[in-house]
Visitor: 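Structure provided below as structure tokens; questions to follow.
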Amino acid sequence: MDLKPLMQLSYGMYVVGADDNGKPAGCIVNTISQITSENPIVALSMNKNNYTHDVILNSGKFSVSILSEQTDPTVISYMGFSSGRDTNKFEQVAYRMVEDMPVLTDHISGAFLCKVVGSYEVETHTIILGRVVDTFDYNDDIPPMSYRYYHQVVKGKAPKNAPTYVKEEVTAEQPEEEIYVCTVCGYVYHGDLTKEPDDYVCPICKQGKDKFVKK
Ligand SMILES: Cc1cc2nc3c(=O)[nH]c(=O)nc-3n(C[C@H](O)[C@H](O)[C@H](O)COP(=O)(O)O)c2cc1C
């Protein structure tokens, strides 16, 4: 099946935050949609392997920070390519706690809080339904970051746990060209990576050269 038409679906870019017994948890998501209008409810698709998945379902609530086109891409690297199971990702980003949930403070287009009102397991993911209980930090000066903008302007990728992950095809169009793939985030480096300095890091997930494999 040709999956390309699905790439024409539109999404935004968000940090979903959660209350891990008083500590901040959270990750990048693109799959948030408002699905009812009165006392609005949003739907969020969370991969069951993500730490944030369990924290949201245990605490029964989550925050959403709407990223803007001015959001520093390193926020996406930290929040989207490492897990709160292994590291405190929030040491790297500016945030404040609102009702025990982290909300980003820099360059967001808005934020809101949700109470979980339902969930539905769909194979690898859980669709979490959240009633919006508070909204704040509305800012219309800078456009919210769309998923398309993230791919086309920021040149970002999505990892395997993202519902919209598409495996990058390494074609044989240029058989002479060397290609290295970052094993953490899937970023494809075209050329001879060995010529980069030793402190070269992946532009997306900031991992070192040792995380790249030659294809
Ligand atoms: C652009 C982008 C979009 C993503 N979208 C989702 C999503 O909609 N749902 C999801 O569960 N994970 C999504 N992810 C993956 C999580 O952010 C990632 O697996 C993260 O490391 C999970 O961290 P955690 O284990 O601390 O929860 C996305 C990541 C990126 C970079």
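Residues take their numbers from the sequence shown, with the count starting at 1. Both counts, for ligands and for their atoms, begin at 1 and track the order of listing.
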Visitor: Return the closest protein heavy atom for atom 1 (C) of ligand 1 as residue, atom name and distance.
Guide: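 Atom 1 (C) of ligand 1 sits closest to the protein heavy atom Tyr150 CE2, 3.3 Å.
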Visitor: Looking only at distances, please establish whether an N/O atom of ligand 1 is found under 3.5 Å from an N/O atom of Tyr147.
Guide: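 No; the residue has no nitrogen or oxygen that sits under 3.5 Å from a nitrogen or oxygen of the ligand.
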Visitor: Suppose we measure from atom 26 (O) of ligand 1 to each protein heavy atom; which comes out shortest, and what is that distance?
Guide: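 Residue, atom and distance for the closest contact: Gly84 N, 2.7 Å.
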Visitor: Please determine, by modelled atom types, if Asp20 and Tyr51 share a side-chain donor-acceptor pair under 3.5 angstrom.
Guide: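 There is such a pair (donor and acceptor under 3.5 Å, judged by atom type) between the side chains of Asp20 and Tyr51.
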Visitor: Using modelled atom types only, decide if a donor and an acceptor are shared between the side chain of Ser83 and the backbone of Asp86 within a distance under 3.5 Å.
Guide: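 Side chain of Ser83 to backbone of Asp86: no pair is present.
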Visitor: Within less than 4.0 angstrom of ligand 1, does Met79 place any heavy atom?
Guide: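 Checking ligand 1 against Met79, which is what was asked, there is a heavy-atom contact under 4.0 Å.
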Visitor: So do the side chains of Ile179 and His190 get within less than 4.5 Å of each other, counting heavy atoms only?
Guide: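 A side-chain contact under 4.5 Å exists here.
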Visitor: Near Asn47, which atoms of ligand 1 are under 4.0 Å from a heavy atom of that residue?
Guide: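 Contacts of ligand 1 toward Asn47, numbered from 1: 10 (C), 11 (O).
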Visitor: What protein heavy atom is closest to atom 27 (O) of ligand 1, reported as residue, atom name and distance in Å?
Guide: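 It is Thr52 OG1, 2.5 Å.
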Visitor: N/O of Ser45 under 3.5 Å from N/O of ligand 1, yes or no?
Guide: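 Between Ser45 and ligand 1 (N or O atoms, distance only) the closest approach is under 3.5 Å.
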Visitor: Short N/O distance, under 3.5 Å, between Pro163 and ligand 1?
Guide: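 No.
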Visitor: Any idea which protein heavy atom is nearest atom 3 (C) of ligand 1, and the distance to it?
Guide: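 Among all protein heavy atoms, the one nearest atom 3 (C) of ligand 1 is Asn30 OD1, 3.3 Å.
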Visitor: Side chains of Thr52 and Asn50: is there a donor and an acceptor less than 3.5 Å apart?
Guide: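 Thr52 vs Asn50: no donor-acceptor pair found between side chains.
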Visitor: Counting heavy atoms only, which of Ser82, Ser83, Cys27, Ala162 is nearest atom 21 (O) of ligand 1?
Guide: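 Result: the heavy atom closest to atom 21 (O) of ligand 1 is in Ser82.
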Visitor: Under 4.5 Å between any side-chain heavy atoms of Ile142 and Glu69, yes or no?
Guide: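 Ile142 does not reach Glu69 side chain to side chain.
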Visitor: Keeping to residues at least two apart or across chains, list the ring pair (Phe, Tyr, Trp, His ring centres under 6.0 Å) pairs with something in residues 62-111.
Guide: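 For residues 62-111, and leaving out neighbouring residues, the ring pair (Phe, Tyr, Trp, His ring centres under 6.0 Å) pairs sorted by first residue read Phe90-Tyr95.
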Visitor: Would you mind running through ligand 1 and noting each atom that sits below 4.0 Å from a heavy atom of Met13?
Guide: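 Answer, ordered by atom number: 1 (C).
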Visitor: Measure the distance from atom 23 (O) of ligand 1 to every protein heavy atom, then report the residue, atom name and distance (to 0.1 Å) of the closest one.
Guide: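 Heavy-atom neighbour on the protein nearest atom 23 (O) of ligand 1: Lys89 NZ, 3.0 Å.
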Visitor: Could you tell me the residue and atom name of the protein heavy atom closest to atom 17 (O) of ligand 1, and the distance to it rounded to 0.1 Å?
Guide: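 Looking only at protein heavy atoms, the one closest to atom 17 (O) of ligand 1 is Ile28 O, 2.8 Å.
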Visitor: Under a 4.5 Å cut-off applied to non-hydrogen side-chain atoms, are Met13 and Ile76 in contact?
Guide: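 The answer is yes, as the side chains (C-beta and beyond) meet within the 4.5 Å cut-off.
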Visitor: What residue and heavy atom of the protein are closest to atom 29 (C) of ligand 1, and at what distance?
Guide: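 Protein heavy atom with the smallest distance to atom 29 (C) of ligand 1: Pro159 CD, 3.3 Å.
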Visitor: So which heavy atom on Asp106 is nearest to which on Ala94, and how close?
Guide: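 Taking every non-hydrogen atom into account, OD2-CB, 3.5 Å.
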Visitor: Under 3.5 Å between some N or O of ligand 1 and some N or O of Thr31?
Guide: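 Right, the criterion is met.
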Visitor: For Tyr51, counting its heavy atoms only, list the atoms of ligand 1 lying under 4.0 Å from any of them.
Guide: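 Answer for ligand 1: 24 (P), 25 (O), 26 (O), 27 (O).
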Visitor: Ignoring hydrogens and angles, write down the donor-acceptor pairs under 3.5 Å from the side chains of residues 32-40, residues two or more places apart or on other chains.
Guide:
residue	atom	partner	partner atom	Å
Gln34	NE2	Thr36	O	3.1
Thr36	OG1	Ile41	N	2.9

Visitor: Considering only heavy atoms from C-beta outward, does the side chain of Glu99 approach that of Val133 to under 4.5 Å?
Guide: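 Result no, sub-4.5 Å side-chain heavy-atom pair not found.
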Visitor: Does Tyr200 have more than 12 heavy atoms from other residues, nucleotides or ligands lying within 6.0 Å of its OH?
Guide: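 Counting other residues, nucleotides and ligands, OH of Tyr200 exceeds 12 neighbours.
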Visitor: Give me the residue, atom name and distance of the protein heavy atom closest to atom 19 (O) of ligand 1.
Guide: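 For atom 19 (O) of ligand 1, the nearest protein heavy atom comes out as Asn50 OD1, 2.9 Å.
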Visitor: Please list, in number order, the atoms of ligand 1 under 4.0 Å from a heavy atom of Gly26.
Guide: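 Within the 4.0 Å cut-off of Gly26, ligand 1 contributes 26 (O).
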Visitor: Quick check: does Arg85 get an N/O under 3.5 Å from an N/O on ligand 1?
Guide: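 In fact, backbone or side chain, Arg85 has no N or O that close.
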Visitor: Just checking, is any N or O donor in the side chain of Thr164 or Tyr147 under 3.5 Å from an acceptor N or O on the other one?
Guide: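 Side chains of Thr164 and Tyr147: pair found under 3.5 Å.
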Visitor: Which atoms of ligand 1 are found less than 4.0 Å from any heavy atom of Met46?
Guide: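 Counting atoms of ligand 1 from 1, those under 4.0 Å from Met46 are 11 (O).
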